[in-house]
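Worth knowing before you read on, the calculation uses all heavy atoms, side chains too, and leaves out hydrogens, waters and symmetry mates. Sequence lines set the chain letters: A, B, ... in the order given, protein chains first and strands last, and positions in each chain run from 1.
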Number of protein chains: 2
Amino acid sequence: MANKHVKEMEALKEHLGKHQLKVTRQRELILSAFLRQEHITAEAMYHQLAKSDPHLGLATIYRTLNLFCDAGLAQARHFGTQTQYDNISHKGHHDHLICTDCGKIVEFENCDIERLQEEVATRNGFTIKTHRLELYGLCSRCRH
Amino acid sequence: MANKHVKEMEALKEHLGKHQLKVTRQRELILSAFLRQEHITAEAMYHQLAKSDPHLGLATIYRTLNLFCDAGLAQARHFGTQTQYDNISHKGHHDHLICTDCGKIVEFENCDIERLQEEVATRNGFTIKTHRLELYGLCSRCRH
DNA sequence: ATTGAAATTGATAAGCTCTCTCAAAATGAT
DNA sequence: ATCATTTTGAGAGAGCTTATCAATTTCAAT
């Protein structure tokens with residue numbers, strides 16, 4: 001538990017170093033909490049961390065999650081009215097199957113789809129940096 | 001020009017009828033303006049229509065565009081801080097190639113990708129209703 | 001054509017998410 | 001330990017979207 005996520009912590013510190021940013025208690029705390037999630041909203045993280053750290057500000061959470069995006073550890077995704085911050089530190093990238101009824105989210109990766117995306121992009125003169133694929137529907141439990 | 005979009009107008013009226021909603025001047029006006037676009041924001045439509053109809057309220061535009069989504073004529077897509085309403089009346093659905101530099105948007109369709117999506121969904125017990133695929137990168141002009 | 005219940009509109013207030021502001025605190029190179 | 005620089009927390013503010021509500025419009029039934 002203690003020495004989990006060492007690699008990601010190093011990645012963050014490298015990013016901080018390169019940009020004249022500082023290592024702070026809050027950044028380490030938020031990163032370690034973030035890495036335990038697949039994806040989370042700033043608000044949810046705020047409430048989660050409030051239990052152990054009541055004075056951690058919501059603005060700091062937002063700032064820090066956006067920092068993680070810059071550092072390549074997270075990826076922002078607009079879902080409904082809120083922004084979900086996806087943990088992309090272990091898997092390079094993942095797409096989502098989202099149940100429109102119960103909100104369940106299943107992550108997946110598919111190389112064939114990614115390859116076809118590259119084809120489409122090339123055909124249109126684009127160079128892809130990232131992508132977002134979300135499939136909306138009903139999960140097995142909600143379909144009946 | 002006058003009798004364009006008759007099919008879509010019928011589709012809207014069918015939806016209205018089924019839900020005890022009424023046919024209004026505003027709904028017809030907004031639909032006919034909307035169908036001339038590939039995609040548009042509520043704000044942009046507000047300004048566009050203000051020229052010919054200065055008293056059309058922004059709330060009405062939002063309400064109506066959301067109505068079009070319910071009716072299956074439009075599809076909302078969050079891009080940046082705003083919501084883009086995509087015209088999906090002619091093509092069943094379209095995906096987007098988005099240039100992160102100049103904001104250029106290219107629409108495309110790819111049956112092979114759609115087929116693979118179905119596969120992924122089935123494998124996970126999902127039944128897809130809609131999907132969203134956005135490829136972010138640089139267009140040929142911005143790449144150099 | 002008139003009536004009247006129900007839905008819609010326009011204007012604005014309110015809500016929600018997210019960012020900005022700034023004084024106080026923390027960091028880290030010296 | 002010092003001190004310039006960055007960060008934080010708290011709340012104000014901004015931007016987009018929805019809720020409110022009196023006035024108006026629609027439309028089914030006269």
Does Glu28(A) have any salt bridge (charged side-chain N to carboxylate O under 4.0 Å, His left out) partners at least two apart in sequence or in another chain, and if so, which? Lys13(A)

For Asp112(B), all residues meeting salt bridge (charged side-chain N to carboxylate O under 4.0 Å, His left out), sequence neighbours excluded: Arg115(B)

Strictly below 4.0 Å: does Tyr62(A) bring a side-chain N or O up to OP1 or OP2 of dC18(C)? yes

Any residue meeting side-chain contact (heavy atoms from CB on, under 4.5 Å) with Arg141(B), in chain and number order, not counting sequence neighbours: Cys139(B)

Using the test side-chain contact (heavy atoms from CB on, under 4.5 Å), find all partners of Ala121(A) that sit at least two apart in sequence or belong to another chain. Phe126(A), Ile128(A), Leu97(B)

Below 4.0 angstrom from OP1 or OP2 of dA10(D), is there any side-chain N or O of His55(A)? yes

For Tyr85(B), enumerate each residue passing the ring pair (Phe, Tyr, Trp, His ring centres under 6.0 Å) test, keeping only those at least two apart in sequence or located in another chain. none

Need the bend value for the helix from dA1(C)-dT30(D) to dT30(C)-dA1(D): angle between end axes, 5 pairs each end, nearest 10°. 30°

Below the 4.0 Å mark, does dT19(C) have OP1 or OP2 next to a side-chain nitrogen or oxygen of Asn66(A)? yes

Does a side-chain N or O of Arg63(B) approach OP1 or OP2 of dT8(C) to a distance below 4.0 Å, or not? no

Could you work out, with ring pair (Phe, Tyr, Trp, His ring centres under 6.0 Å) as the rule, every residue matching Phe34(A), not counting sequence neighbours? Phe68(A)

Among all residues two or more places apart in sequence or in another chain, which pass the ring pair (Phe, Tyr, Trp, His ring centres under 6.0 Å) test with His15(A)? His19(A)

Compile the donor-acceptor pairs under 3.5 Å between side chains in residues 43-57 of chain A and protein atoms, sequence neighbours left out, one pair per line.
unit_1	atom_1	unit_2	atom_2	d
His47(A)	ND1	Glu43(A)	O	3.2
Ser52(A)	OG	Leu49(A)	O	3.3
Asp53(A)	OD2	Arg25(A)	NH1	2.9

Partner set under side-chain contact (heavy atoms from CB on, under 4.5 Å) for Glu14(B), not counting sequence neighbours: Lys18(B)

Does dT8(C) have its OP1 or OP2 closer than 4.0 Å to a side-chain nitrogen or oxygen of Thr60(B)? no

Check nucleotides 22-27 of chain D against the protein and report each pair of N or O atoms closer than 3.5 Å, with its distance, or say if there are none.
unit_1	atom_1	unit_2	atom_2	d
dT26(D)	O3'	Val23(B)	O	3.4
dT26(D)	O2	Lys22(B)	NZ	2.6
dC27(D)	OP1	Val23(B)	N	3.0

Using the 3.5 Å cut-off, write out each protein N or O paired with an N or O of nucleotides 12-15 of chain C and the distance between them.
none

